[in-house]
Amino acid sequence: MHGLMQDWPLLTHRIIDHAASFHGTREIVSRSVEGPIVRHTYSELNAGARKMASALSGLGIKKGDIIGTMAWNGYRHMELWYGAMGLGAVVHTLNPRLFPEQLVYIINHAEDGYFFLDLTFVPILEGIQDRLKTVKGFIIMTDEAHMPDTSLRNAQCYETLKAGGDDGFQWPEFDEKTAAGMCYTSGTTGNPKGVLYSHKSNVLHALSSSSADALALSSVETILPVVPMFHANSWALVFAGPMTGASLVMPGAAMDGPSIYELLDTEKVTLTAAVPTVWQMLLMHLEETGKTLPHLKRVVIGGAACPPSMMDIFEDKYDVEVIHAWGMTEMSPLGSLCTRKGGLEDMPDKAWRAIQRKQGRPPFSIEMKIVDDAGEELPWDGKSFGHLLVRGPCVSSAYFKGEGGDILDKDGWFDTGDVSTIDEHGYMEITDRSKDVIKSGGEWISSIELENLAVGHRDVIEAAVIGVAHPKWDERPLLIIVRKEGSKVSREDLLEFLDGQIAKWWMPDDVVFVDEIPHTATGKIQKTALREQFADYRLPSADAAE
Ligand code: AMP
């Protein structure tokens, strides 16, 4: 027997309908690519998205068609995003930091029909347009006054296209399982693979991410998603913001410390989210200028491990609560968040801080377990570590066009490729990507833990640890350091700093200093590039062992 409740498909445009009805005057404040700060309301977003949907239909875009976007976080990107999804089309966001070859592969593989881009990216698309097989035309996300002189084929102005649309456009109704968005994974091995979100998965993910034990979003918040819309749905915030009636502040192209600080301050932002490298730039700016963060209450740090030293500075110096979060493009993306749970209220702050450093626990809709190499489940004791598997309605079941084959085991679990522990309270801690763990004498050394400790040294800007071949131990850790400008910190200083903080056999065998550590397009340390760079590196201990 079925229940007798209404069939109300979970479609993403319902989010902005709700926002317009109940939070119509709440704002989306954007640093525009043209320069000025522009302000819109959720009522305007709803009308604009309808107008855009109507204009897109005029171009011949229909349900199931894929459009590409290369755009910063800003009002027009949101308007297009909701308009296209509301029509049943799929919004495929591209990361402008990818190499041209990767962009060509991804756009052709996704078969993007029309391509929407911010002014910033005209040169990138001009450079590759001849190799794009399916793109019929390019829509430049600006007004007539700012239209560039461009060789892009069938180039059109976004505002002119929109002006021809109808803001009374009626959203069509369709199945909630319909594809809504697409994002290619960073693809550290092989070609990038397409993750295809549905309306239902996006709505459910926004609901579970906003819940009180997760991001605890509400209409009193002002949220600055520094994390881009092209990095896995800006971690739910572009859906969860309007869903809860929170105001959004969109940073556009400027993600440097002073620009982010300006928005945090002038717009009185209460919650913000980004990868650790962004926060490193902000903290440096605060240190240089002596500025403080009087309005900011919470900062979400994820995408890569948040170093404990960064957490301590936000919490102790600036009185900003850190929410350490973990996730993946394949998980929509939030998988776990580290917030204090019932039963731990009386835990002394110091003990809680030790847990807060972990990547946290999942909100409802995500199942999680750790297994050994044979697939046997491991205990939740905070010590046993193994492959982290997840399952749920916002986790990928396959990649676009079946790339990579079956990605689930027979019980529907997806292997995240991460190695982690889970403690008795259910808090998960990532020890490494499985490809990055250092295997020394049959035991595993966590590169993340060594990096976290090393960046705690006051002269270190960034640290990476990789395994380097060793005749006796298989692999031993090599610590790679970017020093603060002018610092003379030495190999011996750093090893002495680590001494006592780690087991003796975890001690890096050597330390090298570099000007820069390579990053992936989403701001993670690019271990593959470092391993190539140091492929022939001979550790002093290797000589001694032979
Ligand atoms: P992506 O799909 O590009 O966002 O990459 C997902 C991967 O980033 C995860 O599988 C982790 O390896 C890594 N990652 C994300 N968040 C964290 C975190 N808080 N700590 C450590 N690694 C993380």
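Computed from a predicted structure; not experimentally measured. Quick note: residue numbers are just sequence positions, from 1. Just follow the structure's listing: the first ligand is 1, and inside any ligand the first atom is 1.
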Would you say Lys524 contacts ligand 1, with heavy atoms under 4.0 Å as the rule? yes
Mind checking whether Asp418 has a heavy atom under 4.0 Å from ligand 1? yes
As an exercise, identify every atom of ligand 1 less than 4.0 angstrom from a heavy atom of [X].
{"X": "Ala325", "value": "16 (N), 18 (C), 19 (N)"}
{"X": "Gly327", "value": "6 (C), 7 (C), 9 (C), 15 (C), 16 (N)"}
{"X": "Ala305", "value": "18 (C), 20 (N), 21 (C), 22 (N)"}
{"X": "Gly303", "value": "8 (O), 13 (C), 14 (N), 15 (C), 16 (N), 17 (C), 23 (C)"}
{"X": "His231", "value": "4 (O)"}

Where at least one partner belongs to residues 350-384, residue pairs that pass ring pair (Phe, Tyr, Trp, His ring centres under 6.0 Å), sequence neighbours excluded: Trp352-Tyr427
Using a cut-off of 6.0 Å, state whether more than 12 heavy atoms not belonging to Asp409 lie near its atom CG. yes
Got a salt bridge between Asp411 and Arg391, using NZ or NE/NH1/NH2 to carboxylate O under 4.0 Å? no
Answer yes or no: is there an ion pair linking Asp316 with Arg353, defined by an N-O contact shorter than 4.0 Å? yes
Quick look: Met328 vs ligand 1, heavy-atom contacts under 4.0 Å, and the answer is both
Going by the 4.0 angstrom heavy-atom rule, the piece of Pro333 near ligand 1 is neither
Closest protein heavy atom to [atom], given as residue, atom name and distance to 0.1 Å:
{"atom": "atom 20 (N) of ligand 1", "result": "Gln359 NE2, 2.9 Å"}
{"atom": "atom 3 (O) of ligand 1", "result": "Ser186 OG, 3.0 Å"}
{"atom": "atom 2 (O) of ligand 1", "result": "Thr329 OG1, 2.7 Å"}

For Lys401, all residues meeting side chain to side chain donor-acceptor pair (under 3.5 Å), sequence neighbours excluded: Glu111
Answer yes or no: is there a donor N or O on one side and an acceptor on the other, between the side chain of Asp418 and the main chain of Ile430, under 3.5 Å? no
Quick one, Trp413 and Glu367 - any side-chain contact, counting heavy atoms below 4.5 Å? yes
One pair to check against ring-ring contact (aromatic ring centres under 6.0 Å, His included): His92 and Tyr184. What are the steps and the verdict? CA-CA 9 Å; His92 171 205; Tyr184 276 65; 5.2 Å; yes
